[in-house]
Amino acid sequence: MKLDREFYERDTLIVANELLGKILVHNSPDGITKGIIVEVEAYCGHNDEACHSYKKNKRSGRTNVMYYCGGYAYVYLIYGMYSCFNVVSNAADIPEAVLIRAIEPLEGIELMKHRRNTDKMKNLCDGPGKLCKAMAIDKNCYGLDLCGDILYIEEGENIVPEDILPTKRINIDYAGAAKDYLWRFVIDRI
DNA sequence: CGGAAGATTTCT
DNA sequence: GAAATCTTCCGA
């Protein structure tokens with residue numbers, strides 16, 4: 001069961017929490033890949049110094065999709081070599097999104113290994129850049145509608161709040177006070 | 001038009 | 001702990 005538009009058009013922190021345990025699906029030309037979302041981070045526009053849409057550059061070519069309504073893919077290139085996949089959340093004109101930081105491979109594992117050029121399961125999708133490479137998510141996926149058939153998220157197992165561990169976000173030391181917000185969520189089991 | 005920086009990964 | 005590496009954004 002594919003998540004619908006209403007799921008995404010809510011408060012970013014709620015969407016971030018509820019995305020845990022859901023299944024990310026990419027129907028690529030090479031084949032289909034699926035994975036359970038196990039780690040996310042929330043980025044809340046004007047309330048969040050770490051968010052790309054926070055600063056002076058209110059809206060730019062890169063962050064434009066964050067101003068859409070929820071349910072779109074925000075993919076950007078970082079450090080010139082790695083893509084990061086975000087799910088745009090909340091209503092239109094509210095530039096917020098959820099970064100998918102890690103997944104647990106479900107389907108198309110051989111394809112992922114081939115793309116990542118490794119055999120180690122643990123090393124396959126445990127990072128934003130890694131899972132994007134494993135699932136072939138790149139700038140071509142920028143702005144895709146997650147309510148479409150190419151890239152989407154479906155219902156997975158239900159995660160109870162007790163299993164969700166909030167922690168500080170990673171690699172945003174430049175973000176001042178915002179760097180201490182507990183806006184990174186991981187599934188505390190496995 | 002040039003320069004600087006970055007929501008990372010990998011190897012030493 | 002440091003390098004790799006390049007698109008995007010800002011200032012001039």
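So that the names make sense, note that chain A is the first sequence line, chain B the second, and so on, each numbered from 1.
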Item checked: Test of ring centre spacing under 6.0 Å for A:H52 and A:Y76 -> yes
Item checked: Pairs touching residues 64-87 of chain A that satisfy salt bridge (charged side-chain N to carboxylate O under 4.0 Å, His left out), sequence neighbours left out -> none
Notebook entry, point to check: Could you give all pairs that pass the salt bridge (charged side-chain N to carboxylate O under 4.0 Å, His left out) test and reach residues 160-177 of chain A, with sequence neighbours left out?
Noted result: A:D48-A:R169, A:K168-A:D180
Next item on the list: Could you list where the contact with chain A starts and ends along DNA chain B, reading 5' to 3', using a 4.0 Å heavy-atom cut-off?
Entry: B:dG6 to B:dT10
Notebook entry, point to check: Whole-Å distance between C:dC9 P and A:Y76 OH?
Noted result: 13 Å
Next item on the list: Share the residues that join A:Y43 in a hydrophobic cluster, the rule being Ile, Leu, Val, Met, Phe, Trp or Tyr side chains under 4.5 Å apart at the heavy-atom level.
Entry: A:L99, A:I172, A:Y174
Check: When all nucleic acid strands are considered with a 4.0 Å heavy-atom cut-off, which category describes A:Y74: base, sugar-phosphate, or nothing?
Finding: base
Next item on the list: Rounded off to whole Å, could you give me the CE-to-C1' distance for the A:M66 and C:dT8 pair?
Entry: 15 Å
Item checked: Residues which pass side chain to side chain contact (heavy atoms under 4.5 Å, CB included) with A:N171, listed by chain and number, not counting sequence neighbours -> none
Check: How far does CD1 of A:I109 sit from CD of A:E104, to the nearest 0.5 angstrom?
Finding: 9.5 Å
Checklist line | A:I164: partners by side chain to side chain contact (heavy atoms under 4.5 Å, CB included), with sequence neighbours left out | finding: A:N17, A:L20, A:I159, A:F185
Check: For A:N27, what residues pass the side chain to side chain contact (heavy atoms under 4.5 Å, CB included) criterion, not counting sequence neighbours?
Finding: A:I32
Report all interatomic pairs (protein N or O, nucleotide N or O of nucleotides 3-5 of chain C) with separations under 3.5 Å.
| from | atom 1 | to | atom 2 | distance (Å) |
| --- | --- | --- | --- | --- |
| C:dT5 | O2 | A:Y79 | O | 3.0 |

Check: So what does A:R184 touch, heavy atoms closer than 4.0 Å: a base, only the sugar-phosphate, or nothing?
Finding: nothing
Check: Reading DNA chain B 5' to 3', how would its secondary structure be written in dot-bracket notation, given Watson-Crick and G-U pairs with both distances under 3.5 Å, brackets [ ] for crossing pairs and | for partners on other strands?
Finding: ||||||.||||.
Which atom pairs, donor and acceptor, lie under 3.5 Å between side-chain atoms of residues 140-149 of chain A and protein residues at least two apart or in another chain?
| from | atom 1 | to | atom 2 | distance (Å) |
| --- | --- | --- | --- | --- |
| A:N140 | ND2 | A:D138 | OD1 | 3.4 |
| A:Y142 | OH | A:G61 | O | 3.2 |
| A:Y142 | OH | A:R62 | O | 2.8 |
| A:Y142 | OH | A:V65 | N | 3.2 |
| A:D145 | OD1 | A:R5 | NH1 | 3.3 |
| A:D145 | OD1 | A:R5 | NH2 | 3.1 |
| A:D145 | OD1 | A:C147 | N | 2.9 |
| A:D145 | OD2 | A:R5 | NH2 | 3.0 |
| A:D149 | OD1 | A:K2 | NZ | 2.8 |

Note to self: Applying side-chain hydrogen bond (donor to acceptor under 3.5 Å, both in side chains), can you list everything that pairs with A:T118, at least two apart in sequence or on another chain?
What the structure shows: none
Notebook entry, point to check: Which part of the nucleic acid, if any, lies within reach of A:R169 when heavy atoms closer than 4.0 Å are counted: base, sugar-phosphate only, or nothing?
Noted result: nothing
Next item on the list: Applying side chain to side chain contact (heavy atoms under 4.5 Å, CB included), name anything that partners A:L106, two or more places apart in sequence or on another chain.
Entry: A:I23, A:K34, A:I36
Next item on the list: Using a heavy-atom cut-off of under 4.0 Å over every strand shown, decide if A:L77 touches base, sugar-phosphate, or nothing.
Entry: sugar-phosphate
Check: Within the structure shown, what part of the strands sits under 4.0 Å from A:K130 by heavy-atom distance: base, sugar-phosphate, or nothing?
Finding: sugar-phosphate
